[in-house]
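Reviewing the structure listed below.
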Amino acid sequence: MQEINLPSTSTMLSKDFLFGVATSSFQIEGDRKGRVDCIWDTFCEKEGAISDATNGDVACNHVELWKRDVELIDALGVDAYRLSISWPRVMKEDGSVNEVGLRFYVNLVDDLVKRGMKVFVTLYHWDLPQYLEDNGGWLNRDTAYAFEKYAEVIANALGESVYAYATLNEPFCSAYLGYEAGIHAPGKTGIANGRKAAHHLLLAHGLALQVLKKHCPNSQNGIVLNFSNCHTPSNAPDDLQAAKLADEYHNQWYLKPIIEGKYPDVIEKLSADDRPDIIEGDMEIIAQPIDYLGINYYTRTVYQSDGKSWFEVVPPATSELTAMGWEITPDAFTELLVDLHQRYTLPPIYITENGAAMDDELVDGEVKDDSRTAYYHTHLNAVNNAIEQGVDIRGYFAWSLMDNFEWALGYSKRFGIVYVDYDTQKRTLKQSALAYSELVKSRINRYISGTE
Ligand code: IFM
């Protein structure tokens, strides 16, 4: 069986480094009746939007099975669990609170805390209430203020039982995939829409962060951003320039405003109509200091010039791909972490997502997913290499705890270290889960044997 090993001297094996697993609300919860509709419910009803024509109505039925799932997480031996709250499960259209929905999260967090787990809560992992989308969603500035109110409800209910709050998960996906490329909910398109949505999401982040800092000053309050290195097929100046633009447009667009209070230079290349309306004071709200930065990483992307001073993606040529068709590029992960560390003055970093979809098969009660385990082995070592080069990384979360609804690809892609049989809702630990658990538990043996 493939193992996950780190050098015995790695600081990732010390008591202070957190190992966890992560999920998100819409992807696992089900129980659509227990909440109002969100943009993904609507998107799933659109013909052709989801590759296997499924939806999140049942998903992993986590709302009903959460106690079993928490036991499963606990049995893995991890230190932390990252989950997201479903805004439409908590806030009704009239602005009142869905007490049953809120209680679900209070009970979940309580149980995790009682087990000694550190809980990482994301307030927004893409499931915008449909009633807000009906008023323009993230194209409407008011949505940022609605998010601030919702953040206050959560901060009051969960308080400092939560170890770390993230305002948003991957605003790039919400803005670009959802409002610019149209491949995620709500399926809108156009540069102006994408940039406007991104600005309002960042504003929402800044407003909610102030709320979290006020009510939960002892929690770690931050944001989770996704990054993909922008590489080129050649060193031709046009290609290098294309990759620089892509990096600013897709990666730095979200980080630079938060850390430095300004958008990257690529904004100057947009027509006045495509630029977001930035009202006086917005950038100060967005640039509130964060306690930590969550980084999600899966792969690099190769860009070349499109011949019109812009960039286009070059599809991967290598055979080392995951089931998503994404290249397996652990060295690029180290490069990314070191690069961000050198470019910015960053707070401590948590790797809040990293993992791989593979073509799993459940045979005789086992999933022999050596390729996923190998992915974890190389990527955890990539994190270790970055730490050795001076990057302050405090934890790592495997994406995902269990197979779940992979957005526009429905249930066709499996990212879990735990296999889910969607007919029976039976969970089966894949070999990657056993390997991850063994690594995590090996630290306890180190403490007991006195190595540490
Ligand atoms: O499943 C998603 C998750 O919701 C956000 N980050 C990327 C994962 C894999 O695509």
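Here, residue 1 is the first one in the sequence, and each next residue gets the next number. First listed ligand is number 1; within each ligand, the first listed atom is number 1.
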Exercise for review: Apply salt bridge (charged side-chain N to carboxylate O under 4.0 Å, His left out) to E248 and K256, showing your working.
Suggested key: CA-CA 9 Å; E248 292 189 3; K256 201 175 171 88; over 6 Å; no
From the list L83, V21, I28, side chain to side chain contact (heavy atoms under 4.5 Å, CB included) partner of L401 resolves to V21
### Query
Thinking salt bridges, do R372 and D360 make one under a 4.0 Å N-O criterion?
yes
Next item on the list: Indicate whether any N or O donor in one side chain lies under 3.5 Å from an N or O acceptor in the other, for D247 and Q252.
Entry: yes
Residue pairs meeting side-chain hydrogen bond (donor to acceptor under 3.5 Å, both in side chains), one or both in residues 197-213, sequence neighbours left out, come to T167-H205, H199-Y263, H199-D282
Give every pair formed by an N or O atom of ligand 1 and a protein N or O atom closer than 3.5 Å, one pair per line with both atom names and the distance to 0.1 Å, or write none.
from	atom 1	to	atom 2	distance (Å)
ligand 1	1 (O)	Q27	NE2	3.0
ligand 1	1 (O)	W399	NE1	3.2
ligand 1	1 (O)	E406	OE1	2.6
ligand 1	4 (O)	Q27	OE1	2.7
ligand 1	4 (O)	Q27	NE2	3.4
ligand 1	4 (O)	H125	NE2	2.8
ligand 1	4 (O)	W407	NE1	2.8
ligand 1	6 (N)	E170	OE1	3.2
ligand 1	6 (N)	E170	OE2	2.8
ligand 1	6 (N)	E353	OE1	2.5
ligand 1	10 (O)	E406	OE2	2.6

Self-check item: Within 45° cone and under 6.0 Å: R195 NZ/CZ vs Y249 ring
Solution: yes
